[in-house]
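Each ligand, and each atom within it, is numbered from 1 in the order the structure gives. We're numbering straight along the sequence, starting at 1.
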Amino acid sequence: MKKLLVVAAAVTSLFAYADTYPSKPISIVVPFSAGGPTDRVARDLAEALRKPLGGVSILVDNAAGAGGSIGANKVAKATPDGYTLLLHHISMATMPTLVRNIPFKVETDFEYIGMVNDVPMTLIGRPSLPAKNYKELTTWIGQNKGKINLGNAGVGSASHLCGLMFQTALGVDMTTVPYKGTAPAMTDLIGGQIDFMCDQTTNTSTQIEAKKVQAYAVTTAKPLTTPALKDLPTLQDMGLKGFEVTIWHGLYAPKGTPADVVAKINAALKVALKDADFIKKQEGLGAVVVTDKRIEPAEHKKFVAAEIAKWSPILKAAGVYAD
Ligand code: ASP
């Protein structure tokens, strides 16, 4: 009898908890610097989630560093009460292979809430690079072997993955310069301190449009239709067979977050992803908002597992690790 009462009390408090959630500000951890592409998606999403979550404040917490693993670890270890969430990208699938002593488990330390968007990448260079198009760029690379540097957001980041694939495809080693996110890397690229970067269109399209950087190619199989990017060739068309990197973002909570709370956040996410303003902002920057089954937590989890399986052999073959 006593046992039954304890179970009943626990169930009641769980429902009561979900009933009143959210009753205080929610924080979305972004594992990269403010002003970068992941940060931008998180801030737009926070705005779109606010109304369906009852008007609660949603704050963005930039816990940047170590290719996105510091922020992810912060959420993995946070109280599982629905007030600390993580917005992360393809790094959730590359970190398990690229970071040797990763302090958390992507597969088991999170509740998967749903996916947010898919984002192409672009190969961009400093404004002073003499190469004006991709063909001239390959000639310039050939002439400057050993002197070229490439910015990225640390081992395991999307820019690291894309830069790694680019170097492997060309068979040229470049010196990588890691930052806490591609916002500071972009500042240095514009300033000419680094030569190249491969980054999300959500960070690059406005700089390309403003002619602050030079754009050479997109990483998708087909050309893009976004006005700022529509004249760029694909790396496949430029001869890099099979080169395709599209990154994605998903929303996570710490493992153990009550199922009802996860369901509430998922329902709010579904509303946010249909928000006309959110869609317009994302599409304007070249991103595609998720409308398929990956919006469901179980499908989100399945997709990330498939991405880990897809990238792991490719990254192992490249042989780059961080501790
Ligand atoms: N674009 C970055 C990356 O390469 C992350 C960021 O600053 O949002 O992963």
Considering only heavy atoms, does His160 approach ligand 1 within less than 4.0 Å through its side chain, its backbone, both, or neither?
-> neither
Around Asp173, counting heavy atoms of other residues, nucleotides and ligands shown, do more than 12 lie under 6.0 Å from its CG?
-> no
Assess the pair His88 and Phe32: is the distance between their ring centroids shorter than 6.0 Å?
-> yes
Distance to 0.1 Å, residue and atom name: give those for the protein heavy atom nearest to atom 4 (O) of ligand 1.
-> Ser159 OG, 2.4 Å
Where ligand 1 meets Thr182 - atom numbers and elements under 4.0 angstrom, heavy-atom basis = 1 (N), 2 (C), 4 (O), 5 (C), 6 (C), 7 (O)
To which protein heavy atom is atom 8 (O) of ligand 1 closest, and what is the distance rounded to 0.1 Å?
-> Thr38 OG1, 2.6 Å
Output yes when the distance from some N or O of ligand 1 to some N or O of Ala158 is under 3.5 Å, and no in every other case.
-> yes
Hey, is Ser91 one of the residues with a heavy atom under 4.0 angstrom from ligand 1?
-> no
At the 4.0 Å heavy-atom cut-off, does Asp199 count as touching ligand 1?
-> yes
Co-membership, hydrophobic cluster, residues Leu269 and Phe303, 4.5 Å side-chain | yes
In ligand 1, which numbered atoms sit nearer than 4.0 Å to a non-hydrogen atom of Ser157?
-> 3 (C), 4 (O), 9 (O)
Closest approach of Leu49 and Ala272, non-hydrogen atoms and distance?
-> CD2-CB, 4.0 Å
Cluster question for you: counting only ILVMFWY and a side-chain heavy-atom cut-off of under 4.5 Å, with indirect links fine, are Leu45 and Ile58 together?
-> yes
Group every Ile, Leu, Val, Met, Phe, Trp and Tyr by side-chain heavy-atom contacts under 4.5 Å, then state whether Val56 and Leu86 land in the same group.
-> yes
Which atoms of ligand 1 have any heavy atom of Ala153 under 4.0 Å away?
-> 2 (C), 3 (C), 4 (O)
Assign the ring pair Tyr112 / His300 to parallel, tilted or perpendicular, where the plane angle (0 to 90°) is split at 30° and 60°.
-> perpendicular
Gly181 heavy atoms, cut-off 4.0 Å: which ligand 1 atoms fall inside?
-> 7 (O)
What protein heavy atom sits nearest atom 9 (O) of ligand 1, and how far off is it?
-> His89 NE2, 2.7 Å
May I ask you to identify, for Asn203, whether its side chain, its backbone, both or neither come under 4.0 Å of ligand 1 on a heavy-atom basis?
-> neither
same_hphob_cluster(Val41, Leu285) at 4.5 Å side-chain heavy-atom cutoff | no
